[in-house]
Structures are given as structure tokens and as C-alpha cells.
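Below is one structure; the comments refer to it alone.
Excluded from the calculations below are hydrogen atoms, water molecules and symmetry mates; all remaining heavy atoms, backbone and side chain alike, are included. Bear in mind that the values here come from a model prediction, so they are computed numbers and not experimental data.
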Amino acid sequence: MLSGFFISANFQNWFLDFEIFKFFKILGVFLCLMFSLFLLNFVAKKNDLTQRSAYKVLLFSVFCASFLSLLKDYNIIISATLILMALRRIISLKSQISVQKKIFDAALWICIASLFYFWSILFLLIVFGGIVIYSPRPKNWLIPIVSAVCVYMIYCSINLLVKDQFYLFSNWYQDYNFNFSNYQSFKFLTPISIILALTVWSLVYYFSIIRKAGVSLRPSLNLILFTLIIGIAVGVLAPSKNGSELIFFFIPLSIIVSNYFDNGRDKIFREILLIILILMPFGVLFIQD
């Protein structure tokens, strides 16, 4: 489903205005998007964040497909994939194996992600959250900083070789924007309203799951909730409000909503809701701005 919408959104750039470099660039982004589905499914299953169903992959696909602007924003797709790779390392801290390496890797992926989309740097807070929960030793707090310095030094070196200039903060930083006027368009307002209503409904159920969860699982569920909050913050601060910024929100939301579909008691209502969600991206195509 998601692959079909991606091809449709990028058909002209990918095939009609054919250029060999552009073709492989879009192909690479497409593979990143498909890999993110695999990562999402792997992280959720490996850490028992959901049951072994395909709901989280379906929901993430539906959410992303509802915003064609998201599927055209290559940088943000790459950034979100890197954030998923970081999230995988953070949650795996619970095993207490190679803790410092995992902290370094997670911070590294997030810093690289910020080169594609600046405000994804906020997900470093998840790394510190993981340290607090799983390994609050003093030296672990310095590891994300070391990782950030490594990324800067490597990227600055590349920039010096290619462009003969230092990579400055002004080259990296993207200004925040609190103008939400684009969301007033029915093309954005319709799916956002449905997704927000679903979020509130699912969170009520998710909180009950957290309360009932065992000691080993509860920290991971809380980290997903924290990731959701950071995803909202990234969307609020995003310099361009065109729907693409919501992909960071969709990652944890897919896991949270999947828990409702896996365990909810009202089967008929869940089936009706699922049908509405599946039809949502198709319906958006017919909405005029």
C-alpha cells in the first residue's frame, strides 16, 4: 500500500522527468521507507511492545500515505529511518549488554538524522531517557556528547574537502515555525482530525497497558510514550507545516494504536475503525484544497 502511494507521489520525478542520478536517489529513499517498515516491525516484536500482528506496519503505512507531501520529502524520510535505528538501540539497553556502545550508536544515528532534518536532534532526549531508566552511571551521560562531536568532526571534514569551508551552526540550524495555517486545508485537516481522535482514544487504553505491564516491559512502553511526546514537539517546531513533519509522530503512534487493535474488546468498533483508516488515504486524494 505505502509503496503504491510513494510511486504515485513521485511518478513524474522518478520516471517522466528521468535522470539517472535522480532515479537512483528516489530509489534509495524508497528503499529507506520500506526498511523503516521492517525496522518498526522488528523493534515492536523484539521488545514485546505489541503482539505479533501486522497492525503497526499497516497503521504506519496508512498514516504516511495520507500525506503525499510526506512521501515527497526525501530528507525527512531518511531522517525518520535513522531515528528508528536509534530507537532500536535505546530500547535494547534493557538487556544491559554493550550499554555504552548502544548509547553511542543511538546518539550517532540521531545526530546524523539531524543533518537531514534539524529538529530530529530533539530525539537525543530519548537517549538520555534511556540512560536514566536503564543505566544512570555518570560516564554514560558523556557518551551522547562524544558521539555528537564525532559526527560534527567527520561531517565538517567532508565539508572542507568538498566545499572548502567549515560546517557552521547556521548551515545546520532550521528556524522554528508556529504557523499552522496549512492545517486549515481540508486535505490536511481531515486526516489530522481522524488521527488525533484515534490518538486520544488509544492513549487511554495504552495507559492501562502500562499500569498492567511487568517491571521489565514498563520502561520500554514509557519510552515509546516519551518518543510520542518528542514527535509532537518536532511537529510543533517544524519550519514547514506540510504534513511531512508528522512522520516522527507516526512512529510511536503506530505502536500505541496497534496495542488497541491487538487487545481492544469492542471487536465490531475496531473493525469499522480499521476500515475507515484504510480508506482514509484514498479519500484524501479526492479532497480539494
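The aromatic rings of Phe38 and Phe35 sit parallel, their planes meeting at an angle under 30°, below the 60° perpendicular limit. The aromatic rings of Tyr205 and Tyr260 sit perpendicular, their planes meeting at an angle over 60°, well past the 30° parallel limit. Using cut-offs of 30° and 60° for the angle between ring planes, the Phe67 and Phe188 rings count as parallel. Between Tyr173 and Trp119, the two ring planes are perpendicular [angle over 60°; tilted spans 30° to 60°].
For Lys72 and Ser244, the side-chain atoms include no donor-acceptor pair closer than 3.5 Å. No side-chain donor from either of Asn259 and Thr50 sits under 3.5 Å from a side-chain acceptor of the other.
In the hydrophobic clustering of this structure, Leu274 groups with Phe282; members are Ile, Leu, Val, Met, Phe, Trp, Tyr whose side-chain heavy atoms approach within less than 4.5 Å, directly or through other members. Note on Phe23 and Val29: same hydrophobic cluster, where clusters join Ile, Leu, Val, Met, Phe, Trp and Tyr whose side-chain heavy atoms are under 4.5 Å apart, directly or indirectly. No continuous path of hydrophobic side-chain contacts links Leu2 to Phe42 [ILVMFWY only; heavy atoms under 4.5 Å]. Placement of Val257 and Leu279 in two distinct hydrophobic clusters is found when ILVMFWY residues are connected by side-chain heavy-atom separations under 4.5 Å, directly or transitively. Put simply, Val204 and Phe269 are part of two different groups of oily side chains (I, L, V, M, F, W, Y) that touch within less than 4.5 Å, one to the next.
A cation-pi arrangement is present between Lys241 and Phe180 under the rule of less than 6.0 angstrom and at most 45 degrees off the ring axis.
Among all heavy-atom pairs drawn from Ile91 and Ile224, the shortest one is CD1-CD1, 3.9 Å. Of all non-hydrogen atoms in Glu245 and Ser240, the two that sit nearest each other are OE1-O, 3.1 Å. When all heavy atoms are compared, the tightest approach of Leu108 to Val151 is CD1-CG2, 3.3 Å. The shortest heavy-atom contact between Ser135 and Asn140 is OG-ND2, 2.8 Å. Smallest separation of non-hydrogen atoms from Ser220 and Leu49: CB-CD2, 3.7 Å. The minimum heavy-atom distance linking Met280 with Pro191 is given by the pair SD-CA, 3.7 Å.
When each of Phe6, Phe5, Tyr74 is checked for a ring pair (Phe, Tyr, Trp, His ring centres under 6.0 Å) with Phe30, only Phe6 meets the rule.
Enclosure of atom CD1 in Ile268 is not indicated, since only 12 or fewer non-hydrogen atoms of other residues, nucleotides or ligands lie within 6.0 angstrom. The 12-atom threshold is exceeded at NZ of Lys22, counting heavy atoms of other residues, nucleotides or ligands nearer than 6.0 Å. Residue-environment remark: CE (Met153) stays at or below the threshold of 12 foreign heavy atoms within 6.0 Å. Counting non-hydrogen atoms of neighbouring residues, nucleotides and ligands closer than 6.0 angstrom, the CZ atom of Phe178 exceeds 12 such neighbours. Counting non-hydrogen atoms of other residues, nucleotides and ligands closer than 6.0 Å to NZ of Lys45 gives a total above 12.
Side-chain contact between Val62 and Phe250 is absent, with no heavy atoms from C-beta onward closer than 4.5 Å.
Note that CG of Leu277 and CG of Leu58 are 8.0 Å apart. Values are rounded to the nearest 0.5 Å. Remark: Leu31 CG to Ile78 CD1 distance equals 11.0 Å, nearest 0.5 Å. Separation of atoms CD1 (Ile256) and CG (Leu59) is listed at 11.5 Å; rounding is to 0.5 Å. For the atom pair SG of Cys32 and CG of Leu27, the computed distance is 10.0 Å after rounding to the nearest 0.5 Å.
Checked by atom type and distance alone, the side chain of Ser79 never pairs as donor or acceptor with a backbone atom of Asn75 at under 3.5 Å. The main-chain N or O of Ser114 is found under 3.5 Å from a side-chain atom of Trp172 such that the two form a donor-acceptor pair.
Applying the ring pair (Phe, Tyr, Trp, His ring centres under 6.0 Å) rule to Tyr117 yields the partners Phe248; only residues at least two apart in sequence or on another chain are considered.
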